[in-house]
Amino acid sequence: MHVREFEVKDFSLKHTFESAQPITFCGDYDERTNSLVYTEGVHIINVMHRQAHARGRRSRIAVASKDIGYAERHFKERFRISDNLDKIYSEIDTDKFMHESIAKYRGMRLTVNDPWETTALFIISQFNNVKRIRLIAKNIIERFGTPIRDDMDNVIAKSFPTSAEIARADRADLFACGTGFRDKYLKEAAEFCTYNIDLDSLKSKGYPEIKESLMEISGVGDKVADCIALMGYGKTEACPIDVWMKRILENVYFKGRKQNISKLHEFAERRWGRYAGYAQQYLFWSGRGSLVGRAKR
DNA sequence: ACCCAGGCGGGCG
DNA sequence: CGCCCGCATGGG
């Protein structure tokens, strides 16, 4: 196990982990020590965030892993550390509600996750809640995940199963993980992603083409495709509109009047452009907690 | 008990 | 096309 430390600017591990992204469903975060453990293929990556003095925008990250070079590289990519949040904030800070959302969750970043893992998780997310998505994800990792072994050949962790591993699974066993009626979607999506489409090859394509291809997958519609484009492929112009975003946009920008989804997509694109996905993440997470929601969680 | 959750596919008009 | 409905399950 090797450790490496480096400085980051405008980053909050806590807000990023908690904001219902794939890392939220598969990683393990300890609020007391402000640290995170997650797996990536055969790698186990430990992250500790040492918060700087109050209001300091610079802070330190310590990453620990067996392959420390990979871990540092991967951490910076997954948490979009090279994004200049000052610049992004200045482009999306168009109104009071957004301004307050940014102030509340400053340092929250989008994440870039494995495309298949993102696809599977957001198929599971439909008509579901964050807590249960996490429970189901953990069950699937435990039951079908790829074992990670130490030098003594002991299994010390498991990473999210590949599409081939899910494609081989019995639907009944997927159902037993708590997927409910989504078992069929997950199984069909796994088969499609193993035999009929190469998710990794889409990385070189643009947002519209990626979204169109993703929507060929069973269980992937408009909203889930945008989530995958945003959090699986890093297309920050993608703006997923779920029940919360719909309510928030209608309440904050349309005086509570109902709007259809395509209208809301147009609105977000016109207003926030290439960073509509970032705008969405701040509105979703702050609005969910305050505006409409009755402070659940 | 009742309502809702990071929606989607299928069927109908 | 657009709209409406059912859907597993568990927590508030």
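Each chain gets a letter, A, B and so on, in the order the sequences are listed, and its residues count up from 1.
With P as the reference atom, C/dA8 and B/dG11 are 16 Å apart, rounded to whole Å. Separation of the C1' atoms belonging to B/dC4 and C/dG6 is 15 Å when rounded to the nearest angstrom. Nucleotides C/dC7 and B/dC3, compared at atom C1', are 15 Å apart to the nearest Å. With C1' as the reference atom, B/dC8 and C/dG11 are 23 Å apart, rounded to whole Å.
Among the atoms of the strands shown, none is found under 4.0 Å from any heavy atom of A/S262. Contacts of A/L230 with the nucleic acid, taken as non-hydrogen atoms under 4.0 Å apart, are absent. Counting non-hydrogen atoms under 4.0 angstrom, A/N260 reaches nothing in the nucleic acid. Base engagement by A/M231 is indicated by at least one non-hydrogen atom pair under 4.0 Å involving a base atom. Residue contacts shown for A/E188 are absent, as no nucleic acid heavy atom lies under 4.0 Å away.
What separates CG of A/N113 from P of B/dG6 is a distance of 18 Å, to the nearest Å. Rounded to whole Å, the distance from CD1 on A/I241 to C1' on B/dG7 is 13 Å. Following rounding to the nearest Å, A/I217 (CD1) and B/dG7 (P) show an atom-to-atom distance of 18 Å. Separating the CD1 atom of A/I133 from the C1' atom of C/dT9 is a distance of 13 Å, rounded to the nearest angstrom. The distance from atom CG of A/D222 to atom P of C/dC1 is 13 Å, rounded to the nearest whole Å. Regarding A/K223, its NZ atom lies at a distance of 11 Å from the C1' atom of B/dC8, rounded to whole Å. Computed from coordinates, the A/K187 NZ to B/dC8 P distance equals 22 Å when rounded to whole Å. One atom, CG of A/D226, and another, C1' of B/dC8, lie 14 Å apart when rounded to the nearest Å.
For A/Q21 against B/dG6, a side-chain-to-base donor-acceptor contact under 3.5 Å is absent.
Residue A/I123 comes nearest to A/L186 through the heavy atom pair CG2-N, 4.2 Å, listed as atom of the first residue, atom of the second, then distance.
Heavy atoms of other residues, nucleotides or ligands lying less than 6.0 angstrom from NZ of A/K184 number 12 at most.
Residue A/R247 has a polar side-chain atom (N or O) positioned under 4.0 Å from OP1 or OP2 of B/dA5.
Annotation: cation-pi geometry not satisfied between A/K263 and A/F254 (NZ/CZ under 6.0 angstrom from ring centroid, within 45° of ring axis).
Cluster membership for A/M231 and A/I92, using ILVMFWY side-chain heavy atoms within less than 4.5 angstrom, is shared. Under the 4.5 Å side-chain heavy-atom criterion for Ile, Leu, Val, Met, Phe, Trp and Tyr, A/I23 and A/W285 are members of distinct hydrophobic clusters.
Remark: side-chain polar atoms of A/T179 are paired, donor with acceptor, to backbone N or O of A/L174 under 3.5 angstrom.
Contact of the A/Q259 side chain with the A/Y253 side chain is not registered, since no non-hydrogen atoms from C-beta on lie closer than 4.5 Å. With contacts defined as side-chain heavy-atom distances shorter than 4.5 Å, the pair A/Q280/A/L283 does not qualify.
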If you write DNA chain B from 5' to 3' in dot-bracket form, with Watson-Crick or G-U pairs under 3.5 Å, [ ] for crossing pairs and | for pairs with another strand, what do you get? .||||.|||||||
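Using modelled atom types and a 3.5 Å distance limit, the side chains of A/R78 and A/N113 yield a donor-acceptor pair.
Taking the six-membered ring for Trp and the full ring otherwise, the centers of A/Y282 and A/Y89 sit less than 6.0 Å from each other.
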Which atom pairs link the protein and nucleotides 4-8 of chain C when you take only N or O atoms and keep those under 3.5 Å?
residue : atom : partner : partner atom : Å
C/dA8   : O4'  : A/F181  : N            : 3.4
C/dA8   : N1   : A/F127  : O            : 3.0
C/dA8   : N1   : A/R182  : NH2          : 3.1

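Of the residues near DNA chain B, A/P240 and A/S218, the one whose nearest nucleotide (by heavy atom distance) lies more toward the 5' end is A/P240.
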